[in-house]
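In what follows, chains are A, B, ... by sequence order, proteins preceding strands, each numbered from 1.
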2 protein chains.
Amino acid sequence: MNYSRQREQIYEALANNVVHPSAEYIYDILKQANSNISLATVYRNLNKMALNGRIKKIRGLEDRAHFDHNTFEHYHFICRKCGRIYDIPCEIAPEIISKTEKSTGFKIESHDIVFSGICRECSENER
Amino acid sequence: MNYSRQREQIYEALANNVVHPSAEYIYDILKQANSNISLATVYRNLNKMALNGRIKKIRGLEDRAHFDHNTFEHYHFICRKCGRIYDIPCEIAPEIISKTEKSTGFKIESHDIVFSGICRECSENER
DNA sequence: TATAAACTGATAATTGTTATCATATTTTAT
DNA sequence: ATAAAATATGATAACAATTATCAGTTTATA
């Protein structure tokens, strides 16, 4: 894989965003910021980096994929009202993985826990 | 919500399938079986039932959604080779939920654990 | 039964994503 | 440094999954 300025811009935009943006969101940010980057380039590089393990691809409740620069073990909460994705820092016991591998014969390479419900902001706005 | 013959057919097709089928898969089954059901009807009813809680919508690694008639607590394993989705009957400690709710202020309504890796069949075929 | 509400099949439209391709940038070997 | 090969880009067409539309049908209600 060669160096590319666009790829680094995309990574920066991803890393400097609190949210877990979609490809289109990153595209909009970079577009505003200056460049005449192409949406295809954004998709291409996000997928490439996700394949590398440099970033993570998250699938929520919506149709579009979201991306996360944080590759350390952590989980996600998806608000069914606003669609935002939050990090959840809790942990599950590692023996669950090995126990499950043993009972199923599957090779578990990764896992994600996805909680869903209503986020604080949305439940405050509800009233 | 009114009764509809098509909806029950769709539910039956879903319940009698070991796999976690996609909308298109169910459409094909019903199409073969007899009826001139419409793909739109399949989508409409799967979504409606998922909203109700009668069935569950699962998002895997692929673009298309899959559906599960089993609404009891259980988790999923997605094979990154064949894309199949398997049930995983393990459990996580319920206090993780309440602890997470407390620390975040979120209302957690549901959660799913998605393991991914290589299923047994695929790792056997690899050799 | 008549009326309203919900549902259907067929298909057009929409949306998120990927493929294509001519051009540009980056790496490599000279 | 410079030419050749490899990789990446922007623009946009193509694609696949899903949703919207709408005239006609079925189901529930009065």
*Please assess B:I118 against A:E109 for the test side-chain contact (heavy atoms from CB on, under 4.5 Å), listing each intermediate value before the final yes or no.*
CA-CA 8 Å; B:I118 307 276; A:E109 296 168 343; 3.7 Å; yes
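- Nucleotide C:dA19 holds its P atom 11 Å from the CG atom of B:D63, rounded to whole Å.
- Close to D:dT26, at under 4.0 Å from its OP1 or OP2, lies no side-chain N or O of B:Q6.
- Between A:N47 and C:dT17, a side-chain N or O to OP1/OP2 separation shorter than 4.0 Å is absent.
- Regarding contacts with the backbone of C:dA6, every side-chain N or O of B:K48 stays at 4.0 angstrom or more from both OP1 and OP2.
- Side chain of A:R44, nearest nucleotide from D:dG10, D:dT18, C:dT11: D:dG10.
- A salt bridge links A:R54 with A:E8; the closest basic N to acidic carboxylate O contact falls under 4.0 Å.
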_Worked verdict on B:N16 versus B:H69 for side-chain contact (heavy atoms from CB on, under 4.5 Å)_ = CA-CA 9 Å; B:N16 297 328; B:H69 78 282; over 6 Å; no
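- Taking atom CD of residue A:E24 and atom P of nucleotide C:dT15, one finds them 10 Å apart after rounding to whole Å.
- The shortest distance between the side-chain N/O atoms of B:S4 and the OP1/OP2 oxygens of D:dT26 is not below 4.0 Å.
- For an aromatic pair to be called close, the ring centres must be under 6.0 Å apart, and A:H111 with A:Y75 satisfies this.
- Taking only side-chain nitrogens and oxygens, B:R64 never comes nearer than 4.0 Å to OP1 or OP2 of D:dA16.
- Put simply, CG on A:N2 is 11 Å from C1' on D:dA5, counting in whole angstrom units.
- Rounded to the nearest 0.5 Å, atoms NE2 (B:H20) and CG (B:D87) are 3.5 Å apart.
- Positionally, the nearest nucleotide of DNA chain D for B:A23 lies more toward the 5' end than for the other of B:A23 and B:M1.
- Among the heavy atoms of the strands lying under 4.0 Å from B:Y3 are primed sugar atoms or P, OP1, OP2 only; no base atom is included.
- Neither OP1 nor OP2 of D:dA11 sits under 4.0 Å from any side-chain N or O of A:S38.
- Counting to the nearest Å, the C1' atom of C:dG16 and the CG atom of A:D28 are 14 Å from each other.
- Contact between the side-chain N/O atoms of A:Y43 and the OP1/OP2 oxygens of C:dT18 is not found at any separation under 4.0 Å.
- Between B:R5 and D:dT26 there is no side-chain polar atom (N or O) within less than 4.0 angstrom of OP1 or OP2.
- You'll find that the side chain of A:K31 is closest to D:dA11, out of D:dA8, D:dA11, C:dA6.
- Here C:dG16 presents its C1' atom at 9 Å from CG of A:L39, a figure rounded to the nearest Å.
- Side-chain nitrogen and oxygen atoms of A:N45 include at least one within less than 4.0 Å of the OP1 or OP2 phosphate oxygen of D:dT9.
- In this structure, CG of B:N36 is placed 6 Å from P of C:dG9, rounded to the nearest angstrom.
- At whole-Å resolution of the value, CG in A:L46 and C1' in D:dA8 are 15 Å apart.
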*Determine, stepwise, if the pair B:D68 / B:H76 fulfils side-chain contact (heavy atoms from CB on, under 4.5 Å).*
CA-CA 10 Å; B:D68 192 346; B:H76 295 107; 3.0 Å; yes
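- Here the P atom of nucleotide D:dT18 and the CG atom of B:L51 are 16 Å apart, to the nearest Å.
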